[in-house]
Number of protein chains: 4
Amino acid sequence: MAALFRGSRSILHSCSKNVELVLVSSRSMASKTPVGFIGLGNMGSPMAKNLLKHGYPVIATDVFLESCKELQDEGAQILESPAEVADKADRIITMLPSSPNVVEVYTGANGILKKVKKGTLLIDSSTIDPSVSREMALAAEKMGAVFMDAPVSGGVGAASLAKLTFMVGGLEEEYTAAQELLTCMGANVVYCGQVGTGQAAKICNNMLLAIGMIGTAETMNLGIRLGLDPKLLAQILNMSSGRCWSSDTYNPVPGVMDGVPSANNYQGGFGTTLMTKDLGLAQHTATNTKTSIPLGSLAHQLYRVMCARGYANKDFSSVFQFLREQDEEAEKKGD
Amino acid sequence: MAALFRGSRSILHSCSKNVELVLVSSRSMASKTPVGFIGLGNMGSPMAKNLLKHGYPVIATDVFLESCKELQDEGAQILESPAEVADKADRIITMLPSSPNVVEVYTGANGILKKVKKGTLLIDSSTIDPSVSREMALAAEKMGAVFMDAPVSGGVGAASLAKLTFMVGGLEEEYTAAQELLTCMGANVVYCGQVGTGQAAKICNNMLLAIGMIGTAETMNLGIRLGLDPKLLAQILNMSSGRCWSSDTYNPVPGVMDGVPSANNYQGGFGTTLMTKDLGLAQHTATNTKTSIPLGSLAHQLYRVMCARGYANKDFSSVFQFLREQDEEAEKKGD
Amino acid sequence: MAALFRGSRSILHSCSKNVELVLVSSRSMASKTPVGFIGLGNMGSPMAKNLLKHGYPVIATDVFLESCKELQDEGAQILESPAEVADKADRIITMLPSSPNVVEVYTGANGILKKVKKGTLLIDSSTIDPSVSREMALAAEKMGAVFMDAPVSGGVGAASLAKLTFMVGGLEEEYTAAQELLTCMGANVVYCGQVGTGQAAKICNNMLLAIGMIGTAETMNLGIRLGLDPKLLAQILNMSSGRCWSSDTYNPVPGVMDGVPSANNYQGGFGTTLMTKDLGLAQHTATNTKTSIPLGSLAHQLYRVMCARGYANKDFSSVFQFLREQDEEAEKKGD
Amino acid sequence: MAALFRGSRSILHSCSKNVELVLVSSRSMASKTPVGFIGLGNMGSPMAKNLLKHGYPVIATDVFLESCKELQDEGAQILESPAEVADKADRIITMLPSSPNVVEVYTGANGILKKVKKGTLLIDSSTIDPSVSREMALAAEKMGAVFMDAPVSGGVGAASLAKLTFMVGGLEEEYTAAQELLTCMGANVVYCGQVGTGQAAKICNNMLLAIGMIGTAETMNLGIRLGLDPKLLAQILNMSSGRCWSSDTYNPVPGVMDGVPSANNYQGGFGTTLMTKDLGLAQHTATNTKTSIPLGSLAHQLYRVMCARGYANKDFSSVFQFLREQDEEAEKKGD
């Protein structure tokens, strides 16, 4: 975590250097005016609560009314549709499962853009295809509104503790206004560039994360089968050029580290299904931009296989167990 | 570097815990007695010189007489064959290109084992198949000698500066004797376990290194094509779960870091040919132990392609340039 | 070719079995009424000419006027936009480079659907994402028109000789009407099922084709390096279970067969760029349908690399040359 | 099967063309002299019986005495060791599980070469690394004997029916002598070239077979998920460029063909374990010859995963079931 703060400071620093003083619109300075929130799932709910904690009136909606109840009890106002929320709030945050939901919530029959007010700031924290973010930004611009993409890294726990990392894409002069709200929900807010670059940064990080995790699992498994002690091998990798986040912070081999999913039968953490979804986005964006991602493509296919072999809801570090079991079975079978 | 020392200390510590007091043979305590050295290539030569610097008489040989001249001028005694060296020294270090050379130097017509003395300590620093190390250990044992594998990480520069890392496999009670010599040539000496585990540790580290490097190159390339600034993307990855040695210490993208091969047109560093050789060893050991290494296998094939596309002698981080050029050409071609 | 006819007959047969008698609309029986044709590129031009040869008046348009000239000289009427063509013809064929072009030509400002007449038959022979075909079909249905997808296999040569194979998706009762026109341009017309299945069939065939071609190239290259004569190896594969179209009909190794691109420095044939595009479609549809295609994904990445290494415009069988050259260079480099 | 005969004739023909008249040693003409047979497993046993049927006295041995009993009842003479067999027969056939067994049976303490007679013809039908075949040939040559590699394709059934295909490597002037015996056990005997090329041909065929099978399974699965009827898709592929042995002769999708393992819950046929072993040999030979086999490597890793997921003893076409189940589970899980 220390590393995160250090990291983030250096980034804000590096940004400030190439940011000339900008006139910030009065709206984005206005504080404690109501904030709209659309999408009250496992992530959205705790995020909205953190806004309430910071004294922001919250006007929310969700397709599932149950998810609204709880937030209502904590003081949020619940409306019927995104359009109605857009009619009442000039800063709106959306947190939705995937691209089609985002398209519906913004451009649908009762979507935000049907009643959005000029100058409204729209922040989408969903993880979707950057090209969809750019489409939404164009649609919003036509209505005189501003759209930014701000996907998060960090799970439900980080959402409750306001420890999320936000990667933000959009007009730089609107960044301060977004930052004001995002810092209520996250520990790190990073400005990435034009609209869509927030999504790009998240997709890139998670693709490299998946490659590093599968690579660490393959390597630890090979080393163990060659007679190395797992803890010793992890120490050697972590003091050498094989070091990565998956080997030194989130090791997938049971018994090597405490307090990680591998120490708890791969419960909790970041589900294989979610990683597979993000790798699908990487696959799409790579194909659309004609970029070669051989290891990223293979990682995607391997996680898809795991989803289907009963690992969908286990932490994505369970790829070690997946590869390991195999070999043990293989031995039994005398393969 | 600090990290390395810290790392290595913690390992020696962790070892000492599960090491019961052992009787160390008188031989291994004997200091400044002659040390044999076989294989005076780019790596072997500076290693042998560091032994001379520490006051050890060196008795050496190499198939190429030229390579012997220089060392002779620095005071080493040069003999005709490994057998003759074995006749004169009771501690011998070998540093050879590949498995067949090791087999020849140890078991050949004029090989070490033809004249090796009982109790001689044989340390092989070549990077070879762990199963060949075990064969050599058995052959040595039959002659009453002791064989340890101690492959290095670090290149010619580290060899000259005595900054190599040695990964040692063999009888634990002989480790101290080996350590005495290896510390003259390296900054880190790590005991890995039975014979062959030194090779295993190196192969594992380099396989994960290759996966991390190609993954970093794919990811940086994808991010750049999605509109992210390379330096900013590197910062984001390095403060997040995508972090790895290739992203934060040896970034493959020109302009992101100074003092790395990518800042110098991929000159120097660790050649693609050498990485390809190590991945071939990983492939062999994985097949022999029936271990699945999907990403490791693909990394091997990709580096083989690069070897053939003119990248053989460039640093292995040039995989970024390899992927990058492609895409630029592809655009020109309107693919 | 014999095989093709036999194959296609058996398919039509198998279809007829599960087709109950359908009332065919008068329109689709009407013969020699004008046919609209949009997209006069390398493929579209010869296709339209074959319609003229069969006595169909052709009303055509293309964004590039030059491409229209030639067809005009052969008697076609040239109009300004897809909308105008739709205003004059009740059967329209489109042959366009990719999905965005199709979307524009059908739903754009001057698109077909702006002036399409009720009951018009729209046949799209472009190779695009099946989900886009389904979107176009829905849009056409809203206007009372019928949309079918009918991508082709076979290149410019087959287009000129009316030897194309059409894979058709759409309402079965409209198939006869489409068949009447498609048989003027192709030797095989296969009904595949609902809208989009024509695209699906083509994407599937080309994915397996790419896998078989790269596999054949890898295998022939390995065999040659192991000392086998290429012609003999091809004979052995072709009488054994390794047999595939790429080994027995389109062998990628120069000197094994005559009359194939490998016998002519990989000129002509099916360009690597086009294969890469089709593999991109396979990648998209597989991700969208959550289907694992490990070999298909890797084939896609390898062809993308080739596009960037100067193979974009060579026949896709040049993957043998690509792999082969590598190894020869590798040897020179002593890798 | 017809195809096989046609195929093989064309090969024998093509051979005869570039074979100058050779003096055939008297020994190889001698008929009905005793034949040695070492290795009486599932394959070796029926092969030896076919030699008995053709009137050849058989002198056999096997490490498991039980396996000898049955053959003894049919009239074979059973001896204690390979050395003793070599002492009594001047033509010996070996059929063993893997390279180490071959090395032991030929060069071990009681191995063939301990008592082999000058001019003896040694035929190894095991499937092993071609480099081991070459080593055995050199060792045999030193003793004045002749070694040929003659691995088979076809399973236990083909062995019983004498329908095996033999791929033979070795001195061309010895081929006739080998052919005389091999035709008693197989329907096809193909001369491939120097020692080791028999193994090379088999490894190459099976690598391409594995790639074609996985590719066919991926493609059929994708097509089905895109709405195509499996039988229709198979027909389309088989009349098009996607055609391969796995699609038109051994289709992996249940319900598409009769009389193949996919029609019988993947029982019988060619076990996944055996295919995985052959792919391991391909991996080794490719690494040793520095050949890029990206698809072959990935096929190897995928079959290794299957071995460990309970598919080890199913036919290798069960890769369709493996991929298919996945996706169904994945849907249940709402991945």
Side-chain angles (χ1 to χ4, degrees), chain A residues 3-4 7-8 10-11 14 130 153 165 167 190 192-194 196-197 200-201 204-205 207-209 211-212 214-216 218-219 221-223 225-229 232-233 235-245 285-286 289-296 298-299 302 323 326-327 330 335, chain B residues 3-4 7-8 10-11 14 130 153 165 167 190 192-194 196-197 200-201 204-205 207-209 211-212 214-216 218-219 221-223 225-229 232-233 235-245 282 285-286 289-296 298 302 323 326-327 330 335:
Chain A
L4 282 174
S8 57
S10 68
I11 278 185
S14 73
S153 76
T165 293
M167 286 156 275
V190 185
C192 299
Q194 64 193 15
T197 53
C204 285
N205 182 74
M207 182 172 92
L208 186 50
L209 170 60
I211 293 169
I214 298 175
T216 301
E218 287 182 13
T219 301
N221 189 28
L222 178 60
R225 296 172 70 81
L226 292 175
L228 287 161
D229 169 76
L232 177 60
L233 176 54
Q235 278 180 302
I236 293 171
L237 295 174
N238 295 340
M239 66 181 267
S240 310
S241 48
R243 167 177 61 77
C244 63
W245 185 86
T285 56
T289 57
K290 294 174 175 161
T291 308
S292 300
I293 52 165
L295 296 191
L298 183 51
L302 291 170
L323 291 171
Q326 286 173 20
D327 302 320
D335 160 27
Chain B
L4 281 175
S8 57
S10 68
I11 278 185
S14 74
S153 77
T165 293
M167 287 156 273
V190 185
C192 300
Q194 64 194 13
T197 53
C204 285
N205 181 76
M207 182 173 92
L208 186 50
L209 170 60
I211 292 168
I214 298 175
T216 301
E218 287 181 16
T219 301
N221 189 29
L222 178 60
R225 295 172 70 82
L226 292 174
L228 286 161
D229 169 75
L232 177 61
L233 176 54
Q235 277 182 304
I236 293 171
L237 295 174
N238 294 341
M239 66 182 267
S240 311
S241 48
R243 168 179 59 78
C244 63
W245 186 86
T285 56
T289 57
K290 294 174 174 159
T291 308
S292 300
I293 53 166
L295 296 191
L298 183 50
L302 291 170
L323 290 170
Q326 287 173 19
D327 302 322
D335 160 27

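Residue numbering restarts at 1 for every chain, and letters A, B, ... go by the order of the sequence lines. Computed from a predicted structure; not experimentally measured.
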The interface call for A:L237 against chain B, heavy-atom contacts under 4.5 Å, is both
Applying a strict 4.5 Å limit to non-hydrogen atoms, the region of A:T216 in contact with chain B is both
How close do B:V190 and A:M239 get, heavy atom to heavy atom, and via which atoms? CG2-CE, 4.0 Å
Below 4.5 Å, heavy-atom pairs only: which of [options] has the largest tally toward chain B?
{"options": "A:L233, A:I214, A:L298", "result": "A:L298"}
{"options": "A:G196, A:C192, A:G223", "result": "A:C192"}
{"options": "A:D229, A:T197, A:I211, A:L222", "result": "A:L222"}

With sequence neighbours left out, write down each residue that passes side chain to side chain contact (heavy atoms under 4.5 Å, CB included) with B:A200, or none if nothing qualifies. A:L226, A:L228
Tell me, for B:L295 versus chain A, whether the close heavy atoms (under 4.5 Å) come from the side chain, the backbone, both or neither. both
Using modelled atom types and a 3.5 Å cut-off, is there a donor and acceptor pairing between side-chain atoms of B:R225 and backbone atoms of A:T289? yes
Would the distance check show the side chain of B:E218 and the main-chain N or O of A:G296 forming a donor-acceptor pair, the cut-off being under 3.5 Å? yes
A:S241 vs B:N205, side chain to side chain donor-acceptor pair (under 3.5 Å): CA-CA, chis, key distance, verdict: CA-CA 7 Å; A:S241 48; B:N205 181 76; 3.0 Å; yes
